[in-house]
Amino acid sequence: MLVVVIGSGIVGSSAAYECAKAGAEVVVLEAERIAGGTSAVSFAWTNATTKRPRPYFDLNVAGMRAHLELKRDFGAAPWFTQTGSFDWRTVPESMDDYFENFRQMKEWGYGVEWIDKKLVAEMEPDIDIAAIGDCPVSYYPEEGWVDPVLYSAWLLRAAKERWGAKVRVNARVTEIETEGGRVRAVRTADGERYAADAVVNCTGGWSSQRLGDAQGIPLSSTIGVLAFTPPVALTLRSQLHADDLDIRPDGAGRIMIHKVSVDLTFKKPQPLSPAGDEAKTLLEAAGKVLPSLRAAGVEAIRTTVRPFPEDGYTCAGAMPDVAGHYMAVTHSGVTIGPQLGRVVADEVVRGKTHDEMETFRPQRFFQASAKRAAAAHA
């Protein structure tokens, strides 16, 4: 079976790895560089907290479990860190949701517990406990993060070395060729043609684009902004989540900073200055929690498109218009990537349907469009 995977980020590399493992002849077509899109600018937090409704929560838990199983598959996982997360709120109006989420996660069996601030200080002495105040702190011991570019590199290397997969960079797909309503080939901007029995579309924030006869899905993507400090003499190991602020180590002493309110000021990705207002806002917020950052400055600040299917949930499954065209797009790619790769391999290569994925099929968007069209006509 010939499978073409479009996109080499964390979802595309997962799909390529698992499809090659399942016995398919796999070609990965990447428009630019490996994992150079959203995967390269991601907070990359593996988690299932706040993920509702229950099928979405279960999918994210399965993704967290798949990361551990993938680690066993490789014998080591230099791309994966699992050191837990601390979470607290200081804004009164957010407390009800915070406590309700704790209750719901506990009820669903997710790993979460209340933790004493004295223990927080012992585990992460760089934190200024005064910044937490009297607020309760929850701790998620099973959460972690991924280095998505490293992840993609290792999985694609294994797919090539173990099962002969091919990877083409600077190969922007412009058309999915069809015949009789089925996928037959993929064409790239440079004129190359790749025969295909199936195409797995893992283009993330670009998955709304029509590719020849194959249509995309509707998106409501947002912009993400991340700041990175230079190396700082901290011993921080865990992630920190406080109100709309997210902080974690990013290797070699660097700290990654994200703040939702900064994201919301952008409508499209754009170059930002490490000396700009956005960088100052992020560093100031992080410095209240980690005082050692106050004099560090920002080394880099980046923006990206965060792919959200129109209703906010993962989209994975056969597209209804063209047989052999499979869509795999999600905002939760870092968490569910390895699980989604297995689902794709089962459904595309092995012919095994995952009933638990029915909530996430692309068909839901086209049914909704048909209903809107009928209502407008009436």
Reported CD1-to-CG distance for the pair Ile127 and Leu290, which is rounded to 0.5 angstrom: 6.5 Å
Going by distance alone, is a donor N or O of one side chain under 3.5 Å from an acceptor N or O of the other, for Tyr56 and Ser332? yes
Mind checking whether Val11 and Val348 sit in one hydrophobic cluster, side chains of I, L, V, M, F, W, Y counted as touching below 4.5 Å? yes
Just wondering, do Ile132 and Thr90 contact through their side chains at under 4.5 Å, heavy atoms? no
Indicate yes or no: does Glu32 engage Arg172 in a salt bridge with an N to O separation below 4.0 Å. yes
Could you verify whether a donor N or O on one side chain and an acceptor N or O on the other, from Thr49 and Asn47, lie under 3.5 Å apart? no
Can you confirm whether the side chains of Thr174 and Arg187 place a donor and an acceptor under 3.5 Å from each other? no
Report, as yes or no, whether the 6.0 Å neighbourhood of atom CH2 on Trp154 holds more than 12 heavy atoms from other residues, nucleotides or ligands. no
Quick check: closest heavy atoms across Leu226 and His258, and the distance to 0.1 Å? CD2-CB, 3.6 Å
Once you measure the plane-to-plane angle for Trp114 and Phe102, does it fall in the parallel (<30°), tilted (30-60°) or perpendicular (>60°) bin? parallel
Given the rule in the side chain to side chain contact (heavy atoms under 4.5 Å, CB included) test, do Asp311 and Phe360 qualify, once you have shown the distances and angles that lead to the verdict? CA-CA 10 Å; Asp311 58 5; Phe360 308 106; over 6 Å; no
If two hydrophobic side chains count as joined below 4.5 Å and joins carry through other members, does Val322 share a cluster with Val173? yes
Near Arg52 CZ, under 6.0 Å, is it more than 12 heavy atoms from other residues, nucleotides or ligands? yes
If you define the side chain from C-beta out and look only at heavy atoms, does anything of Gln239 sit under 4.5 Å from Phe43? yes
How about Asp244 and Ser261: does a side-chain donor come under 3.5 Å of a side-chain acceptor? yes
Side chain to side chain contact (heavy atoms under 4.5 Å, CB included) between Phe86 and Met123, intermediate numbers included: CA-CA 11 Å; Phe86 295 95; Met123 294 174 68; 3.8 Å; yes
Using every non-hydrogen atom in the two residues, find where Met1 and Val349 come nearest and quote the distance to one decimal. SD-CA, 3.8 Å
Separation between CD of Gln215 and OG of Ser208, rounded to the nearest 0.5 Å: 11.5 Å
Does Leu211 share a hydrophobic cluster with Val344, counting links as ILVMFWY side-chain heavy atoms below 4.5 Å and allowing steps through other members? no
Rounded to the nearest 0.5 Å, what separates atom OG1 in Thr359 from atom CZ in Arg54? 12.5 Å
Met95 CE to Phe99 CZ distance, which is reported to the nearest 0.5 Å: 6.0 Å
Could you check whether Glu161 pairs with Arg157 (Lys NZ or Arg NE/NH1/NH2 to Asp/Glu carboxylate O, under 4.0 Å)? yes
Step by step, would you call Met64 with Glu143 a side chain to side chain contact (heavy atoms under 4.5 Å, CB included)? CA-CA 8 Å; Met64 294 171 72; Glu143 294 183 352; 4.3 Å; yes
Anything under 3.5 Å between a donor and an acceptor, one on a side chain of residues 266-278, the other on a protein residue two or more places apart or in another chain? List them.
from, atom 1, to, atom 2, distance (Å)
Ser273, OG, Ala275, N, 3.0

Scan residues 327-344 for pairs that pass salt bridge (Lys or Arg N to Asp or Glu O under 4.0 Å), counting only residues two or more places apart or in two chains. Glu69-Arg342
How about Tyr17 and Trp163: are their ring centroids closer than 6.0 Å? yes
In terms of side-chain geometry, is the basic nitrogen of Glu358 or Arg361 positioned less than 4.0 Å from the acidic oxygen of its partner? yes
Closest non-hydrogen contact found for Trp108 with Pro53 is CH2-C, 4.3 Å
Scanning both residues in full, the closest heavy-atom pair of Lys259 with Ala285 reads CD-CB, 4.1 Å
Please walk me through it: do Arg193 and Glu177 pass salt bridge (Lys or Arg N to Asp or Glu O under 4.0 Å)? CA-CA 9 Å; Arg193 182 180 186 273; Glu177 283 188 12; 3.2 Å; yes
Taking the six-membered ring for Trp, is the centroid-to-centroid distance between Phe74 and Phe80 below 6.0 Å? no
Hey, could you give me the CG/CD distance between Asp58 and Gln339, rounded to the nearest 0.5 Å? 11.0 Å
Residue of the set Ser13, Ser152, Ser8 for which side-chain hydrogen bond (donor to acceptor under 3.5 Å, both in side chains) holds with Glu30: Ser8
Compute whether any side-chain donor of one residue and acceptor of the other, for Thr188 and Tyr194, lie under 3.5 angstrom apart. no
hydrophobic_cluster_shared for Leu70 and Trp145, side chain cutoff 4.5 Å: no
Work out which heavy atom in Ile257 is nearest to a heavy atom in Leu282; give both atom names and the distance. CG2-O, 3.6 Å
Parallel, tilted or perpendicular: which fits the ring planes of Phe308 and His331, with parallel below 30° and perpendicular above 60°? parallel
Honestly curious: do Val200 and Ile6 fall in one hydrophobic cluster under the side-chain, below-4.5 Å linking rule? no
With a 6.0 Å cut-off (strictly less than), is the heavy-atom count around NZ of Lys166, excluding the residue itself, greater than 12? no
Restricting to non-hydrogen atoms, name the atom on Ile10 and the atom on Ser39 that form the minimum distance, rounded to 0.1 Å. N-OG, 3.0 Å
To the nearest 0.5 Å, how far apart are NE2 in His241 and CH2 in Trp45? 4.0 Å
Show your working on side chain to side chain contact (heavy atoms under 4.5 Å, CB included) between Met319 and Asn201 and close with a plain yes or no. CA-CA 10 Å; Met319 292 288 279; Asn201 190 326; over 6 Å; no
